[in-house]
There are 2 protein chains.
Amino acid sequence: MSGKTTIYDIAKALNITAATVSRALNNNPKISQSTRKLVLETANKMNYKQNKLALALRSGKSNNVGVIVPRINTNFFASVIRGIEEGLHPEGYQVIICQTHEDEDREVENVNTLLNAQVDGIFMSISNLPKENNHYIERVIQKNIPLIFFDRKKEMKNVSSVTIDDYLASYQTTQHLIEQGCKKIAYFSGDRSLEIYEDRYRGYEQALLDNNIPINEDYIISIKSNVVEGRDAVEKLLALENPPNAIFSTSDFAALGAIQKLKEHGIKIPEDFCVFGFGNEPFTKFMELSISTIDQSPLEMGKMAAQVFLDKINNKKSESKVILSPKLLIRQSSTRIS
Amino acid sequence: MSGKTTIYDIAKALNITAATVSRALNNNPKISQSTRKLVLETANKMNYKQNKLALALRSGKSNNVGVIVPRINTNFFASVIRGIEEGLHPEGYQVIICQTHEDEDREVENVNTLLNAQVDGIFMSISNLPKENNHYIERVIQKNIPLIFFDRKKEMKNVSSVTIDDYLASYQTTQHLIEQGCKKIAYFSGDRSLEIYEDRYRGYEQALLDNNIPINEDYIISIKSNVVEGRDAVEKLLALENPPNAIFSTSDFAALGAIQKLKEHGIKIPEDFCVFGFGNEPFTKFMELSISTIDQSPLEMGKMAAQVFLDKINNKKSESKVILSPKLLIRQSSTRIS
DNA sequence: TAGATTTGTGTAATCGATTACATGAAATCT
DNA sequence: AGATTTCATGTAATCGATTACACAAATCTA
């Protein structure tokens, strides 16, 4: 009645069995052309739609994949998800979204929910403060469900990942700032318990060392990714006896806050001070003083993650660790010499 | 073996039937405390997880809802989706994402896919160029699956919607520009075959009429929501014999493009020219010249849509048309008089 | 034309959980 | 003690689609 036609309804209408209907609909060779045609026509007439749940239950494949991110409404994550969706849609997969809000309990809960929903794969950018307890991740691996980390990964066996080369990005950026004549480079760090932030820190450190510039602990400030923290950090830096003349911020938002505050202090950018961000948030390009930053190719990252998943599903590769090249976007905020 | 415990496995282990196990797990009163305890312990020990697919197939409820948007990676849509997710997560629903890329065929396909997946509800912001043929929407209604339009709606019976008062937003903005001393107000319009753009246009028109300002057709330009179209539109406007001294753009991106181009022409904002956007994209606030715009409360819109869905599911209301208040954010780009 | 092969359908099990109904045992009542 | 109720559990159908196996009819082979 309310638009629910099953293969049994079609079978009854044609006085045949559901098995035959199923075969006709699935182009099974063991069926006569005449009945196939009849079934197809009747199915169409009765507006039959396959019930994916029944199919999923029987086949064990839901044709859904789950994506777990800290939050969906930032350009980076939304774009990665878009990439995943675009890569998987042609193959008939639907994407289920989960947010952790950077909460580890929520992350565990999300993984369990997705497993109960019988997803065929899980894409995940882990939350801050990674749990010691990897039990919930082990369970995914044990169930042989493809798990693909993107951006914020955790080094594990049997798990694929798609990231950019954060170390390289950071090294090159620091090198660039040095070449612009900045030797006193402050660094806004994310939570270094996450691999990507540790890698970025190492890149910064190594570039300084390679240029015989000593590390100044006062210049290294731990921040969260928002405007206010960037402003506050600048206040701290300017209060130093020997303040820096450049900032490399691992967050575009903090870089923006830093620029605002520097301007308020009458400091000229880039003449007196260079600033470099990370992430290529849309606004960095739009500012009157455009902000130099690093593009992480989120759309491409999502598409690549989708491909890694498909390769695994099709038994082409069991595990891939894809590392994309970061793209330095050198804009006004760090260009003294061009 | 690979981590798949069913109620049958538990039943076998305890030498009882699956029915009893099911009852124990569901707190059915018809069961003894002792067996319940035993089952619960064993289930825990065997790491049992309920198979949602089986449950969904039997109950007809998948505990999934679908969201159809033109694209996910813009602040507005990503935020609405976040709101929906946050509103529905506590109730145990998962959100499935679909993108139309503004393509109507893709929209039809997405609706069908979601129906086949037996979603319990569909949230949708329709694509441009709405189809004459509403058949695919009728089918949703006929199946009695809650359908909630947000932002870009279509007026229909038995369909709920959550929008802002676009007419009012537009009226107030135009009024504001007039109060700032601008009488020659250009208007960047979206596709007026969509209700929201038609409503916005009417608000603009009415405000002019109420202030005895004649409509100048040359000032009305149809644009797509991006920077380049804003720039191009300004070129056209400045080439007019009698160019405007204000722009009300129904897109923040186009407003940004307009500002860029106006500046290039040496025109001072807001002194010589006022600009007003729509949507409160993050960058509008961050600019050195902050852009006046209208906040659509996307997070709230998503949460409200989730609530509308829940009300329908729980038979509290059959159909709601929620209209949120727009928030004018009057910033530098339109502030001559403060 | 008898026997072998092909072809098209039907039968019934399966995926995992829930639940109306049946049943047997224990508990309660008269 | 016998009748009746209560309680806990088992039996089996159901949700919708797929598929191994069985079987009958049609076609082919020698």
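Order of the sequence lines fixes the chain letters, A, B, ..., with proteins taken first and strands second; residue numbering starts at 1 for each chain. Reckoned from all heavy atoms, side chains included, excluding hydrogens, waters and symmetry mates. Keep in mind it's a predicted model, so treat the numbers as computed, not measured.
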Student: Holding to salt bridge (charged side-chain N to carboxylate O under 4.0 Å, His left out), I want the full list of residues that pass it with B:E86, two or more places apart in sequence or in another chain.
Tutor: B:R82, B:K303
Student: I'd like a list of close polar pairs between nucleotides 4-9 of chain D and the protein, N/O only, cut-off under 3.5 Å.
Tutor:
{"residue": "D:dT9", "atom": "OP1", "partner": "B:T35", "partner atom": "OG1", "Å": "3.4"}
{"residue": "D:dT9", "atom": "OP2", "partner": "B:S32", "partner atom": "N", "Å": "3.3"}
{"residue": "D:dT9", "atom": "OP2", "partner": "B:S32", "partner atom": "OG", "Å": "3.4"}
{"residue": "D:dT9", "atom": "OP2", "partner": "B:T35", "partner atom": "OG1", "Å": "2.8"}

Student: Could you give the start and end, 5' to 3', of the contact zone on DNA chain C for chain A, using atoms under 4.0 Å from its heavy atoms?
Tutor: C:dG8 to C:dG16
Student: What salt bridge (Lys or Arg N to Asp or Glu O under 4.0 Å) pairs are there with at least one residue in residues 8-34 of chain A, not counting sequence neighbours?
Tutor: none
Student: With sequence neighbours excluded, give me every side chain to side chain donor-acceptor pair (under 3.5 Å) pair touching residues 91-100 of chain A.
Tutor: A:Q99-B:E85, A:T100-A:S127
Student: Can you run down the ring pair (Phe, Tyr, Trp, His ring centres under 6.0 Å) pairs that involve residues 39-92 of chain A, sequence neighbours left out, and say none if there aren't any?
Tutor: none
Student: Could you work out how much the helix from C:dT1-D:dA30 to C:dT30-D:dA1 bends, comparing the axis of its first five pairs with that of its last five, to 10°?
Tutor: 50°
Student: Which residues pass the side-chain contact (heavy atoms from CB on, under 4.5 Å) test with A:E155, sequence neighbours left out?
Tutor: A:K153, A:E195, A:K321
Student: Listed by chain and number, what are the side-chain contact (heavy atoms from CB on, under 4.5 Å) partners of A:N51, not counting sequence neighbours?
Tutor: A:L53, A:A54, B:L57, B:Q118
Student: Which pairs pass salt bridge (Lys or Arg N to Asp or Glu O under 4.0 Å) with one or both residues in residues 116-127 of chain B, sequence neighbours excluded?
Tutor: B:K61-B:D120
Student: Under 4.0 Å between any heavy atoms, over every strand shown, what does A:I7 touch: base, sugar-phosphate, or nothing? Just pick one.
Tutor: base
Student: Are B:R139 and B:N112 linked by a side-chain donor-acceptor pair shorter than 3.5 Å?
Tutor: yes
Student: Reading DNA chain D from 5' onward, which residue's closest nucleotide shows up sooner: B:A19 or B:A54?
Tutor: B:A19
Student: Residues in side-chain contact (heavy atoms from CB on, under 4.5 Å) with A:I323, at least two apart?
Tutor: A:T163, A:D165
Student: Taking side-chain contact (heavy atoms from CB on, under 4.5 Å) as the test, write out the residues that go with A:L324, two or more places apart.
Tutor: A:V162, A:I164, A:E300, A:M301, A:M304, A:V322
Student: When all nucleic acid strands are considered with a 4.0 Å heavy-atom cut-off, which category describes A:N28: base, sugar-phosphate, or nothing?
Tutor: nothing
